[in-house]
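To start, the structure itself, in structure tokens.
In what follows, chains carry the letters A, B, and so on, assigned in the order in which the sequence lines appear, proteins first and then strands, with residues in each chain numbered from 1. Note that the structure is predicted; figures quoted are calculated from it, not measured.
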Amino acid sequence: MLLLNDSYKLKPYKFLKMKSYFEILRDKKWKRKNLEKINLFSTILINRNFNKMEEENKTNPGILINESFSNEDLSFFEKLEKKEFESSELLSLKIEAEDINNDTEINELLGYDLISKNLAYKLPYQIDGALEILRDLNGSALLADEVGLGKTITSALVVKECLVRGFAKRVLILTPPSLVDQWVQEMKEKFELDFKIIEKEEDWENATLAIASIDRVKILNRETGRFRHQGAFDISWDILMIDEAHKLKERNTIRWKFVDKLQKKRFLLLTATPFQNDLLELYNLLHLLKKGHLGTMKEFRKNFLNGGNKRYPLNPIELKAKLSEVMVRRKRSETGITYKKRVPKVISVTQTPQEKKIYEKITELLKEQYFRASGSEINGRLIVFALLPKVTSSVKSAIESLTKIKENEKYHETTREFAEEILEDYKELKKDSKMEELLKIVNSHLAGNPHEKILIYTKHPTTAEYMSEQLIPLGLKVTTFKGGLTREEKTERITEFRNDSQVLICTDAGAEGINLQFCHVLINYDLPWNPMSVEQRIGRVDRLGQEHDMQIYSLATKDTMEEYVVDLIINKMCCVGLVIGELPIILFNLGLDSEGKTGSTKIEEHLLNTFIESRNNLDVFARGIDEISKIVQDGMKGYEESKEASSELLDEK
Amino acid sequence: MENQLSNFIQKFFENLGAKVNFANNVLEISGVLESFEKFYGKASPYRFVFQSSNFIDGTELVDKNSYIVKAISSYLENSGQTTLVKIDFKDEKPKDFLKNVKFANAELKDLSKIKKHNFFFRFTFHTSLQYLNEKEKIINNIFVHEGKVTNGDLSDYPVVEGNKSEVTIPDMKEPYFLAKEELKKLVDPEIQKIAIELEKKLEKENERINSHFSHATNEHQEKLDRSKNKLVGLMHENDSEKIERQEKLVNSIREKMSLESSEGDKTRELTIEKQRHALNVNNKLFNTTLIYYPLFTYNATIKNEFTKRIFEVSYDPLTEDLKEIICETCGLPTKEIHLCSTGHISCKNCHYYCEACNKEYCEKCVKTVCEHCNKSICFECAVRCFGCGKVMCKDHTRKDPLTGRIYCNDCLKTCGRCNNLKDPLRFKESKKTGTMVCEECFRSEMQKSVLDGVFEED
């Protein structure tokens, strides 16, 4: 910029001729300051007020000072006029209360006592983590505790503290779609905070405590180049929190750009794996958190990337020092928490010839005899996704589904007749092998300890009813837990199970978010083909406070597709020694956790596609399952390697 | 801290009327108001200990972050907003505070007490200064007395709870606004102190951001320049495929440059840092105390040979000042009181004697100076000549017995017959002598002329 001498009166830029401009330049009165890449005429325009701006900048500090007077003061006038007075002693107490509560720095969590009754355990490392984030890192940090240490609780303590102390009013939490409801529930039940879920653009108006699925809100209008949820950018968030932040490891993603654009005073990134395969993932994450902290990309590569080794840095000490300025990370080994093992047992159920016949007829019905009234074939995927699992879940749910087909005129007459035929076969059925196996397992445990608690899972409410009908006549105390229960009813039933009942029968819908770590026997009567759902089930008992190794039974009908799937999910995914929370990371890395075209997760779609393509050929299906298994095994191996490598950087002192 | 806490909790519950007992290091509280129990979420009795070594079953260990302390603080939040306090000055003998007042020409005859109070306000403001993750609190007491902010410390005074039946509430809006202005001055040094610290931190962050964007821009620029140079080189080779590839590369670098090092992004980052390092100052009126105290006010009766006067004399025991006695002529305060013969109170400078009647008067009443002899004369002694209109003392005037009009000696005319000074407007020409005679003489002449020739000899 050029400094103007006061004696020069510049004309507005549009009138300025080039000749005059160069005359000015030649004049030695002009002082030249920083040359910036700006338009010629803009330069001159800026200069007109330059001296004035300099003067102003000297007297005004660079910081914002927001000063306000409470408008409640005027209510004092009314009280005075009405001669409403209180004693001076009360005033002294009030002043003393202020003195007692006068903490400038954050040395303790004031909000903790307010909600401690809602937390199952007081874990000092969670409190320490929250304090470190608030006090030492100004509320902005990468929270990279190992899997299973409760980053949700630690970060929620930060949020609660800021709200209680009055530092924050507007909080936004961005999470993967599957975790939105879980976050809302946790914040409400444990922290007494009502977060609103953002779904539509209008929801941003007046949003104070907001949770959104990052996948939902990051939608970009490619034509205009603008994000659909512009409302998010209009708010200056006091706290922005991103769960599963490892999904922001790529800088060129829309998701990354969306988060980058948000205004935030405090910023928390939650991930157990800040990088896995490449240090540049770490750079991208930290670049989002604090631009320039690790320099430019080029500087980072030059200073820290070690030739071909993408995982181990060139100057680890320097990089660790940089990380310690923005990151909080604790390992499980530091916390003193012990984790119990999952002991899987896949029970292969051998069908009777009668049952086998019925099963074959059902699969024939669904694959070859399933037509609409018009004669057109019903979509194979629909059958597989919606109908087959229900039909094969239990006798009762099979009968229910077949009855619906028989009675529904939308189906072709042939289809309905076929269904009726199978129903007739069911009437002749003398034995339910699956139920018998279940009873064996239940009795074997209760024989050893009548006070044992057994948790049985099924996908279908009808099957839950069926199991209840079979178990109660045996003199067992049974509680059922299905969807649609109120919070009070849920609490009642869990208390009943804890204090009285021996068996709790749950559906997947009904059992979200409940804690059953006093139980260590879990039976999957049927299994969802989504390993994440199975993880959810096991997660009810595999929690802090579990005192025994968990017995995980899964019933699978022998010589059916189900058998292979159960083996894959249980023996090769959910019960292979991973800590709870690690499987989702592995599936994410493999791209298998996100939603597929049909609305199910990609891994589920893989399995069901394999099922369809196998055309009832078990060998073909088994080979397909093996391929999926190999992919998952490779994923696990890669995860372990990256865990080791990142641990060298993140954990070693 | 433990002592402070236990005393605080004890006082609080005592104030609520609960039963409080502190024995064996356990503070037991029972009979608590239902409203507090509901607020706290727990029914009494409560048993608190303040050191972990004293903890036993059935007690609750309390520290400053305990829920009970927070509950009490919250409970108190809307309490104690307005208080009434009296400075209970004992009566002072009025003669003591009147000892410096001189009654120059009158005697203090009587002092009868009037009940009056004076008021002032104490505004207690709570200012919270929040920045980053810290919060400071300042409590300021500002006294406003008679339209001015004043230093206040009530600790040396006999302060008691006020009685609202004794007072009428004065207007508090003006004092409140004065106090607010004063508060800004008091809080400003702390704001500036924090602002300087914050500015240093902000500068550091701004440096990081500016440096980052500057380096990023330079890097991109270098890359762009290199690519452009290469493109120029390729132009000579005439390899269209390579040229196209290089052009794409140049464009992608340009795009990356605009995405990653745009001014807009830099401004946004700087703005975010500025918001992060903002200082939020919230001022709240914590309490308003109306302080009143008796003004020692008396009706004083002073008397001299000419008149008496009752006026109010007031002594402010707070400022230890006698309320100014104001000269009713010049409006200035005076400590030497002169009583005018008409009852006015004046100062020495405004006090006069009438040189005609020798009575004492204030300047208001000593209206004028005799235009004849230049004496200062009071309104009683001053007369205006009907003839010439001049004001003069009575000595130089005469009242015409017939007309009652007052004329100065100069304006009065000598009657040619009786040689008396008479109202010049009442002169007629004598028929006998042709001289101007007064009306009386003219009448008398006329009466006599009627008899003229009646009693003449033959």
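For chain A, the nearby parts of B:Q4 are the backbone and the side chain; heavy atoms of each come within less than 4.5 Å. The contact between B:L84 and chain A is made by backbone and side chain atoms together, counting heavy-atom distances below 4.5 Å. Both the backbone and the side chain of B:T288 come within contact range of chain A, with heavy atoms under 4.5 Å apart. Residue contact with chain A, scored on non-hydrogen atoms closer than 4.5 Å, involves the side chain of B:T289 exclusively. For B:E205, the part lying near chain A is the side chain, with the backbone staying farther off; criterion is any non-hydrogen pair under 4.5 Å. Looking at A:I95, the atoms closer than 4.5 Å to chain B (heavy atoms on both sides) sit in the backbone and in the side chain alike. At a 4.5 Å heavy-atom cutoff, the contact between B:N78 and chain A is made by backbone atoms alone. In this structure, chain B has no heavy atom under 4.5 Å from any part of A:E161. For B:K70, the part sitting under 4.5 Å from any heavy atom of chain A is the side chain, from C-beta outward, and nothing else. For B:F121, the part lying under 4.5 angstrom from a heavy atom of chain A is the side chain only. Interface remark: B:L183 contributes side-chain atoms only to the contact with chain A (heavy atom separation under 4.5 Å). Contact of B:I196 with chain A is not made at all, since no heavy-atom distance falls under 4.5 Å. Only the side chain of B:E161 comes within less than 4.5 Å of a heavy atom in chain A; its backbone stays farther off. Interface residue B:E222: only side-chain heavy atoms are found under 4.5 Å from chain A. Neither the backbone nor the side chain of A:S116 comes within contact range of chain B, judged by heavy atoms closer than 4.5 Å. Using a 4.5 Å cut-off between heavy atoms, B:K201 makes no contact with chain A at all. Heavy atoms of B:Y75 lying under 4.5 Å from chain A are absent altogether.
Note on A:K83, A:M297, A:E81: by heavy-atom pairs under 4.5 Å with chain B, the leading option is A:K83. Considering only heavy-atom pairs separated by less than 4.5 Å from chain A, the leading option among B:K173, B:K180, B:K11, B:H277 is B:K180. Ranked by heavy-atom pairs shorter than 4.5 Å toward chain B, the options A:L114, A:N252, A:N138, A:D99 are led by A:N138. Ranked by non-hydrogen atom pairs under 4.5 Å with chain A, the options B:S66, B:A71, B:S79 are led by B:S79. Between chain A and the residues B:L290, B:L198, B:N287, B:T168, the most heavy-atom pairs under 4.5 angstrom are made by B:N287. Of all the listed residues (A:E96, A:K257, A:H293), the one sharing the greatest number of non-hydrogen pairs under 4.5 Å with chain B is A:E96. Options B:Q130, B:E219, B:K64 differ in how many heavy-atom pairs under 4.5 Å they form with chain A, and the most are formed by B:E219.
Salt-bridge check for B:K193 with B:E190: passed, with a basic side-chain N closer than 4.0 Å to an acidic carboxylate O. A salt bridge is absent between B:K204 and B:E207; no separation between the charged side-chain nitrogens and carboxylate oxygens falls under 4.0 Å. A:K290 and A:E325 are not joined by a salt bridge, as no carboxylate oxygen comes within less than 4.0 angstrom of a charged side-chain nitrogen.
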Show the numbers, then the answer: is there a side-chain contact (heavy atoms from CB on, under 4.5 Å) between B:F12 and B:I68? CA-CA 11 Å; B:F12 172 76; B:I68 182 66; over 6 Å; no

Step by step, work out the salt bridge (Lys or Arg N to Asp or Glu O under 4.0 Å) result for B:E269 and B:K266. CA-CA 5 Å; B:E269 291 296 318; B:K266 180 171 132 183; over 6 Å; no

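Side-chain rings of A:F76 and B:Y176 stay apart, their centers remaining 6.0 Å or farther from each other.
Listed here is the closest heavy atom pair of B:L129 and B:V281: CD2-CG2, 4.0 Å.
Every residue meeting the side chain to side chain contact (heavy atoms under 4.5 Å, CB included) condition with B:P158, not counting sequence neighbours, appears here in chain and number order: B:I87.
For the pair A:N284 (side chain) and A:K249 (backbone), a donor-acceptor distance under 3.5 Å is present.
Taking the six-membered ring where the residue is Trp, B:Y40 and B:F36 present parallel rings, their angle staying beneath 30° rather than reaching 60°.
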Determine all donor-acceptor pairs shorter than 3.5 Å in which one atom belongs to a side chain in residues 261-268 of chain A; sequence neighbours excluded.
residue, atom, partner, partner atom, Å
A:Q263, OE1, B:Q275, NE2, 3.4
A:Q263, NE2, A:F233, O, 2.8
A:K264, NZ, A:V259, O, 3.1
A:K264, NZ, A:D260, O, 3.2
A:K264, NZ, A:L262, O, 2.9
A:K265, NZ, A:D238, OD1, 3.2
A:R266, NE, B:N133, OD1, 2.8
A:R266, NH1, A:D238, O, 3.2
A:R266, NH2, B:L132, O, 3.1
A:R266, NH2, B:N133, OD1, 3.1

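Under the 4.5 Å side-chain criterion, counting only non-hydrogen atoms from C-beta, B:E136 is in contact with B:I194. Taking the side chain as every heavy atom from C-beta outward, B:I169 and B:K164 never approach each other to under 4.5 Å.
Between the CG atom of B:N280 and the NZ atom of B:K135 there is a distance of 9.5 Å, given to the nearest 0.5 Å.
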